[in-house]
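Below is one structure; the comments refer to it alone.
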2 protein chains.
Amino acid sequence: MRLSTRGRYGLKAMFQLAIHYGEGPIPLNSIASAQNISENYLEQLVSTLRKEGLLNSVRGAQGGYMLAKAPSEITVGNILRALEGDMAPADCVVEDFSGCEREENCVTKVVWKRMKDSINQVIDSISLQDMLNEKAKMELEKREA
Amino acid sequence: MRLSTRGRYGLKAMFQLAIHYGEGPIPLNSIASAQNISENYLEQLVSTLRKEGLLNSVRGAQGGYMLAKAPSEITVGNILRALEGDMAPADCVVEDFSGCEREENCVTKVVWKRMKDSINQVIDSISLQDMLNEKAKMELEKREA
DNA sequence: AGGAAAACCAAGCGATTTACTTGGAATTAA
DNA sequence: TTAATTCCAAGTAAATCGCTTGGTTTTCCT
């Protein structure tokens with residue numbers, strides 16, 4: 001049950017933008033090379049993230065992308081759901097699903113629901129700011145060692 | 001990030017066997033039709049589960065499958081990991097993974113690790129017996145309504 | 001003994017999804 | 001005006017998914 005590259009690349013890109021938050025627009029090619037991702041492919045992911053209101057773009061030369069909100073206001077959950085859709089292990093626990101007749105007494109559905117809730121609880125509790133803090137902590141520990 | 005049918009069908013099948021635990025071998029076709037799954041396909045999943053030691057088989061006429069252990073001794077985690085592999089959202093947090101050079105200071109890895117741990121915590125805490133209890137509870141509630 | 005019911009096994013296969021690439025058009029700073 | 005950049009739509013090779021097919025073997029039942 002892996003995430004696709006959409007979610008993985010997307011989070012990396014957003015994290016990279018968080019690192020440069022406040023520095024004005026960052027061009028895609030710098031993000032792509034910093035994270036070692038195909039620029040053309042990343043473009044599609046970034047396009048989704050923009051439409052979801054998670055980042056803003058500036059067109060033309062010296063243009064680029066920037067977070068639409070402060071790193072503390074954007075969670076991993078926001079990013080992953082934008083790129084991967086509802087983070088549900090089975091269709092029957094996707095938001096506004098209809099189609100399973102035995103809905104009522106389906107025990108496996110209870111299991112999928114608990115998995116889904118657990119996943120969402122984790123990703124909604126981690127913001128880009130938390131990741132920046134983690135990065136700072138890592139660098140500190142490295143310097144001390 | 002959906003599970004594949006392997007994990008979903010597999011859990012349903014194991015739950016069905018849990019319902020009939022203690023009744024001797026249950027033939028695949030009855031499980032397949034009870035859960036509305038292709039018998040030939042289910043056969044492959046069941047073969048994996050047997051090799052993992054989660055169920056036993058009896059060959060020949062009047063044969064079939066049965067849980068290798070009591071429902072309380074088999075968790076959803078046992079079943080899903082047998083069929084889906086390590087329940088990790090990214091390769092870099094799969095057990096005995098090697099290959100990511102920037103391992104040391106990778107913040108996204110911390111995120112994937114927390115997701116993975118959370119998922120495993122949930123699925124390892126639910127046994128087939130818990131699911132049987134849940135079923136009983138559901139039926140009781142229905143009768144009362 | 002013979003037939004039927006079942007597990008077991010290996011390969012094939014069409015449809016879908018994934019992870020991109022290609023080839024542009026539009027916009028804007030220098 | 002040109003270079004840098006976003007924006008957009010379509011194509012595509014490879015992998016994966018969700019099975020199916022075609023058997024062989026084992027064992028119970030009559």
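Every chain is numbered from 1 and lettered A, B, ... according to where its sequence line falls, protein lines coming before strand lines.
A nucleotide of DNA chain D counts as in contact with chain A when one of its atoms lies under 4.0 Å from a heavy atom; the first and last such, 5' to 3', are D/dA4 to D/dA10.
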Begin with the C-alpha distance, continue with both residues' side-chain angles, and end with the deciding distance and a verdict on side-chain hydrogen bond (donor to acceptor under 3.5 Å, both in side chains) for A/Ser118 and B/Ser118. CA-CA 6 Å; A/Ser118 161; B/Ser118 162; 2.3 Å; yes
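For the pair B/Arg8 and A/Ala90, the tightest heavy-atom approach, listed with the atom from each and the gap, is CD-CB, 3.6 Å. The minimum heavy-atom distance linking B/Ile74 with B/Lys69 is given by the pair CD1-O, 3.8 Å. Heavy-atom minimum distance, B/Val94 versus A/Arg2: CG2-NH2, 3.1 Å.
For the pair A/Ile37 CD1 and C/dC20 C1', the interatomic distance rounds to 13 Å; values are reported in whole Å.
Ion pairing between a basic and an acidic side chain is recognised when a charged N comes within 4.0 Å of a carboxylate O; A/Lys135 and A/Glu139 show such pairing.
Taking the side chain to side chain donor-acceptor pair (under 3.5 Å) definition, one finds that B/Arg81 meets it with B/Asn120, B/Asp124, sequence neighbours left out.
A sub-4.0 Å separation between OP1 or OP2 of C/dA19 and a side-chain N or O of A/Tyr9 is absent.
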A correct 5'-to-3' footprint of nucleotides 6-17 of chain C, with B, S and - meaning base, sugar-phosphate only and no protein heavy atom under 4.0 Å, is SBBB-B------
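Contact annotation: the side chain of B/Tyr65 never approaches that of B/Pro25 to less than 4.5 Å [non-hydrogen atoms, C-beta and beyond].
The structure places OG1 of B/Thr48 at 13.0 Å from CD1 of B/Ile79, a figure rounded to the nearest 0.5 Å.
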